[in-house]
There are 2 protein chains.
Amino acid sequence: MDAWTEVLEGTGMNARLDRDTSNCSIARTLEIVGEKWTILILREVWYGSSRFSDFERVLGCPRNLLATRLRMLVEEGILATETYKEPGSRSRPKYVITRKGMDLVPAVMGLLQWGDRYRADPEGPAVLARHRGCGAPVDAQIRCERGHPVQAEDVESVPGPAFRMKPAE
Amino acid sequence: MDAWTEVLEGTGMNARLDRDTSNCSIARTLEIVGEKWTILILREVWYGSSRFSDFERVLGCPRNLLATRLRMLVEEGILATETYKEPGSRSRPKYVITRKGMDLVPAVMGLLQWGDRYRADPEGPAVLARHRGCGAPVDAQIRCERGHPVQAEDVESVPGPAFRMKPAE
DNA sequence: GCGCTGAGTATAGAAAAGTAAACTTAGGTT
DNA sequence: AACCTAAGTTTACTTTTCTATACTCAGCGC
């Protein structure tokens, strides 16, 4: 009997299938970064872009969508605005990543790594990620609190403190 | 001067802004897992569901989209079909995760972890991930090849072997 | 051979996203 | 004062994706 079956033993309900999925952390993260362009904007920030025109030029994304996504990312605290000033021009806003945005890097690294492994061009990936200074390639790994590297197969999911059942109809 | 500026030194072009983004591993991964429901289906597989009716019940996802997503995931080799048979019923297909699918776990763990940190209910997350056996909580981390844990700030991105410029117009 | 069940398919309408191009704004230059 | 530029906003239109519901299909029990 697994952890899902245990919770509701004897009630005839199924914790796995009848649970409330509205408070899922994966789904909540996707509400923000799951829209088209959002992760690609973050990718460009990570690669070093910061200006509206940078994003427009490299992504080819429509200006209205770009403006909407940037506003949302700033509202969520994933990006912050600062100002820059080219000589001879007025001050304009630029976008920089925050700690909250930096904390998305492991997830994005996971996507990058999977694409590198399964969908790269024959000659390899277009971009490499490496440890600044040390220069060694980096990757996303799962680790347990005690420091052991963990295989995906060795991860189990169990109901947490905010586990709830679907409201009855 | 960073690695992006170096590549095209003196050409007047900008490697960061005028590069070809069509071979980006992040974008290619998102082509597959970026559609609505796809990651949520994988989440349920990871939590232990395997049948069409399981996914429909727990996700509340329209049947045609569910069928489309499952077919795509099988075509991509992320899920595989097996058969199951309940006593008194005919054999029916079920869906199990493959190695290729397992390799998405670090990315999904990254999303889970970010949601747990920034968007969880006050009482905590709905689901916990832990190291089977050892029982300790697990998380997604970035590591360099030499084994050091790496902060997101310490990751730099540089042009890789398949780096190309945007075709001139 | 008839109904039941799980696993789909078909179709039509609604919502979201994408595209293109014109318009606005605010300061710095001339 | 008129002009330029980056960073948007607005509008109108097309395309894609999502949703809801009805329908089909294939075996098993009766």
Side-chain angles (χ1 to χ4, degrees), chain A residues 14 16-18 21-22 27 30-42 44-45 48-75 79-96 169, chain B residues 14 16-18 21-22 27 30-42 44-45 48-76 79-96 166 169:
Chain A
N14 186 321
R16 205 197 306 280
L17 299 181
D18 295 318
T21 54
S22 69
L30 289 176
E31 278 166 25
I32 297 179
V33 298
E35 287 167 307
K36 213 167 234 170
W37 301 115
T38 305
I39 287 192
L40 302 182
I41 292 169
L42 291 175
E44 295 308 321
V45 173
S49 290
S50 63
R51 303 177 186 182
F52 191 91
S53 58
D54 290 348
F55 301 126
E56 188 192 1
R57 179 164 161 199
V58 68
L59 295 174
C61 158
R63 313 163 69 76
N64 55 350
L65 282 187
L66 180 54
T68 305
R69 295 291 179 272
L70 286 170
R71 192 183 314 120
M72 185 273 293
L73 285 166
V74 170
E75 273 166 17
L79 298 182
T81 45
E82 295 182 356
T83 54
Y84 74 95
K85 186 171 177 338
E86 290 286 335
S89 293
R90 68 187 174 111
S91 297
R92 298 183 190 282
K94 68 173 183 173
Y95 299 88
V96 297
E169 280 140 40
Chain B
N14 186 319
R16 204 198 306 280
L17 299 181
D18 295 318
T21 53
S22 69
L30 289 175
E31 279 167 23
I32 296 179
V33 300
E35 287 166 306
K36 199 164 189 177
W37 300 115
T38 305
I39 287 192
L40 302 181
I41 292 169
L42 291 175
E44 295 308 321
V45 173
S49 290
S50 63
R51 303 176 186 183
F52 191 92
S53 58
D54 290 349
F55 301 125
E56 189 192 0
R57 178 165 160 198
V58 69
L59 294 175
C61 157
R63 313 163 68 77
N64 57 349
L65 278 189
L66 180 54
T68 305
R69 295 292 178 270
L70 285 171
R71 192 184 313 121
M72 185 272 294
L73 285 166
V74 170
E75 272 166 17
E76 289 294 333
L79 298 181
T81 44
E82 294 182 358
T83 54
Y84 75 94
K85 186 170 176 336
E86 291 286 335
S89 294
R90 67 189 174 110
S91 296
R92 300 183 190 281
K94 67 172 183 174
Y95 299 88
V96 297
K166 209 180 291 188
E169 281 140 42

Regarding [X], tell me which of base, sugar-phosphate or nothing describes its non-hydrogen contacts under 4.0 Å with the strands shown.
{"X": "B:Arg57", "value": "nothing"}
{"X": "A:Phe55", "value": "nothing"}
{"X": "A:Tyr95", "value": "sugar-phosphate"}

Closer than 3.5 angstrom, by distance alone: can the side chain of A:Thr68 be matched with the main-chain N or O of A:Asn64 as a donor-acceptor pair? yes

Check whether any side-chain N or O of A:Arg69 sits under 3.5 Å from a backbone N or O of A:Lys36 as a donor-acceptor pair, and report yes or no. yes

[X], nearest nucleotide to its side chain (from [options]):
{"X": "A:Ala67", "options": "D:dG8, D:dA26, D:dT11", "answer": "D:dG8"}
{"X": "A:Trp37", "options": "C:dG18, C:dA7, C:dA10", "answer": "C:dG18"}
{"X": "A:Leu65", "options": "D:dG8, C:dA17, C:dG6", "answer": "C:dA17"}
{"X": "A:Arg90", "options": "C:dA17, C:dT25, C:dA7", "answer": "C:dT25"}

Whole angstrom value for the distance that separates [atom2] of [N] from [atom1] of [X]:
{"X": "B:Asn64", "N": "C:dA12", "atom1": "CG", "atom2": "P", "answer": "14 Å"}
{"X": "A:Lys94", "N": "D:dT5", "atom1": "NZ", "atom2": "C1'", "answer": "19 Å"}
{"X": "A:Glu56", "N": "D:dA7", "atom1": "CD", "atom2": "P", "answer": "9 Å"}
{"X": "A:Tyr84", "N": "C:dA26", "atom1": "OH", "atom2": "C1'", "answer": "13 Å"}
{"X": "B:Arg51", "N": "C:dA7", "atom1": "CZ", "atom2": "P", "answer": "7 Å"}
{"X": "B:Leu66", "N": "D:dC18", "atom1": "CG", "atom2": "C1'", "answer": "14 Å"}
{"X": "A:Lys36", "N": "D:dC18", "atom1": "NZ", "atom2": "C1'", "answer": "13 Å"}
{"X": "B:Lys85", "N": "C:dG6", "atom1": "NZ", "atom2": "C1'", "answer": "13 Å"}

Per the side-chain contact (heavy atoms from CB on, under 4.5 Å) rule, which among A:Arg92, A:Arg57, A:Arg63 passes with A:Phe52? A:Arg63

So, does A:Ser53 get its side chain near the phosphate of D:dA6, meaning an N or O under 4.0 Å from OP1 or OP2? no

To the closest 0.5 Å, what do you measure between CD1 (A:Ile41) and CG (A:Leu79)? 8.0 Å

Straight-line distance of B:Arg90 CZ to B:Thr83 OG1, nearest 0.5 Å: 11.5 Å

Please confirm whether any donor atom in the side chain of B:Arg63 sits under 3.5 Å from an acceptor in the base of C:dA7, or the reverse. yes

On the side chain of A:Arg92, is there an atom forming a donor-acceptor pair with the base of D:dT5 - under 3.5 Å, no angle test? yes

If you assign A:Ser89 and A:Thr68 each to the DNA chain D nucleotide with the nearest heavy atom, which residue ends up on the more 5' nucleotide? A:Ser89

Let me know, please, whether A:Cys61 or B:Phe52 comes out on the 5' side of the other along DNA chain C by nearest nucleotide. B:Phe52

